[in-house]
Structure formats: structure tokens, C-alpha cells
Amino acid sequence: VQLVESGGGSVQAGGSLRLQCVVSGYSYSRYCMGWFRQAPGNERKGVAAMDSDGTILYADSVKGRFTISHDSAKNTLYLQMNNLKPEDAGTYYCAADLERYRAPAVVIKTAVMDYWGKGTLVTISS
């Protein structure tokens with residue numbers, strides 16, 4: 001299984017970015033997937049997660065600004081990030097559970113998932 005993120009970059013505060021994560025190497029229908037952020041010196045934290053039943057959860061800090069979505073035809077997970085703030089900066093990782101199920105509420109809290117991408121860097125200038 002491969003997860004490859006893209007879409008990171010450098011933006012000014014208030015700007016937007018759209019991250020994407022292409023999942024390959026496994027045929028799946030049921031899943032839980034999420035986006036996680038790690039700032040330098042900090043632990044990895046859950047940002048948003050969703051499952052194939054339609055449950056979607058966000059960290060409180062991004063509610064109303066970020067939107068997670070999944071395109072089954074493209075096997076791709078997205079994270080639309082609007083009104084970015086300096087504290088949103090960090091490396092964003094895509095992760096997935098494809099063979100077992102962990103609820104979005106669990107993965108956001110624990111940042112434990114089976115498959116991980118290598119990350120894409122987001123920098124925000126104030």
C-alpha cells in the first residue's frame with residue numbers, strides 16, 4: 001500500500017491550500033482515512049478524519065476552515081484548507097486503515113493508523 005501526499009507549499013496567513021493523497025496498491029471499499037499535522041518539536045496530531053460510512057470529524061482548531069473529502073473513483077483523499085493561520089504550519093501526513101476499522105474519533109485522538117504517507121510541508125507566513 002502506498003500513500004503519496006502533494007499540494008503543500010508556502011502561503012500567507014488567510015490563504016488556502018488543497019492537499020491530496022493518492023492511495024495505491026490495495027483495492028478497498030471500506031476505510032478510515034485521516035490527515036495529521038506535525039510541527040517541529042511537536043508530536044503528530046490529528047487534523048481531520050473520515051470513514052466510508054460518511055462519518056467526518058475535525059480537530060477543534062480547524063473546524064469551519066478545513067474540509068476533508070474522498071474521491072473513490074480516484075482513490076484520493078483531499079484536505080481543503082482555507083483561512084490558514086500560522087499555527088496550521090507543519091508537515092501534513094495522510095494515513096489510512098484499509099484492512100481493519102478504527103473510528104475517526106479514535107484516530108484523531110491517537111494518531112494511530114496502519115498506513116502512512118511521507119508527508120507534505122505547509123509553511124505559513126504572517
Side-chain angles (χ1 to χ4, degrees):
V1 179
Q2 258 196 323
L3 282 70
V4 180
E5 305 97 332
S6 62
S10 181
V11 296
Q12 288 190 326
S16 298
L17 283 173
R18 189 192 195 203
L19 307 183
Q20 70 174 39
C21 170
V22 178
V23 182
S24 62
Y26 192 86
S27 179
Y28 63 93
S29 57
R30 194 154 193 256
Y31 62 84
C32 181
M33 296 186 186
W35 288 98
F36 301 81
R37 177 178 65 232
Q38 187 167 22
N42 292 338
E43 62 182 8
R44 194 172 300 183
K45 294 183 178 180
V47 173
M50 66 179 297
D51 67 18
S52 48
D53 293 331
T55 299
I56 295 177
L57 287 177
Y58 297 97
D60 288 343
S61 61
V62 306
K63 284 180 181 177
R65 300 187 296 121
F66 289 14
T67 302
I68 188 173
S69 62
H70 180 262
D71 186 332
S72 297
K74 297 181 179 181
N75 288 350
T76 301
L77 184 72
Y78 300 96
L79 185 68
Q80 178 66 44
M81 306 187 295
N82 297 328
N83 190 22
L84 283 160
K85 302 178 180 180
E87 54 264 38
D88 295 322
T91 299
Y92 282 73
Y93 297 90
C94 167
D97 284 341
L98 306 177
E99 298 158 312
R100 74 166 103 190
Y101 180 78
R102 275 181 280 238
V106 172
V107 301
I108 276 200
K109 183 177 180 180
T110 64
V112 174
M113 301 198 82
D114 287 340
Y115 300 106
W116 290 83
K118 294 183 178 181
T120 185
L121 182 64
V122 173
T123 58
I124 301 164
S125 56
S126 56

Does a side-chain heavy-atom distance below 4.5 Å link Tyr101 with Arg30?
-> yes
Could you tell me whether Lys63 and Asp60 make a salt bridge, using a distance below 4.0 angstrom between a side-chain N and a carboxylate O?
-> yes
To the nearest 0.5 Å, tell me how far Gln12 CD sits from Ile124 CD1.
-> 11.0 Å
Met113 side chain reached by Cys32 side chain, heavy atoms, under 4.5 Å | yes
Side-chain heavy atoms of Met33 within contact of Leu98, under 4.5 Å | yes
So do the side chains of Glu5 and Leu19 get within less than 4.5 Å of each other, counting heavy atoms only?
-> no
salt_bridge(Arg102, Asp51) N-O dist < 4.0 Å | no
Within a strict 4.5 Å, meaning less than it, do heavy atoms of the Thr67 and Tyr78 side chains meet?
-> no
Check each of Thr123, Leu121, Thr120 against Thr91 using the side chain to side chain contact (heavy atoms under 4.5 Å, CB included) test, and report the only one that passes.
-> Leu121
Side-chain donor/acceptor of Thr76 to backbone N/O of Asp71, under 3.5 Å | no
Where the side chain of Tyr58 meets the backbone of Ile68, is there a donor-acceptor pair that is under 3.5 Å apart?
-> yes
Check whether any side-chain heavy atom of Leu77 sits under 4.5 Å from a side-chain heavy atom of Met50, and report yes or no.
-> yes
Can any side-chain N or O of Gln38 pair as donor or acceptor with the backbone N or O of Gly90 at less than 3.5 Å?
-> no
Check whether any side-chain heavy atom of Val23 lies under 4.5 Å from a side-chain heavy atom of Tyr28, and answer yes or no.
-> yes
Identify whether Trp35 and Leu17 are in the same connected component of the hydrophobic contact network (ILVMFWY, side-chain heavy atoms under 4.5 Å).
-> yes
Taking side chain as C-beta onward, heavy atoms only, is Phe66 less than 4.5 Å from Asp88?
-> yes
Is the number of heavy atoms from other residues, nucleotides or ligands within 6.0 Å of CD (Gln2) greater than 12?
-> no
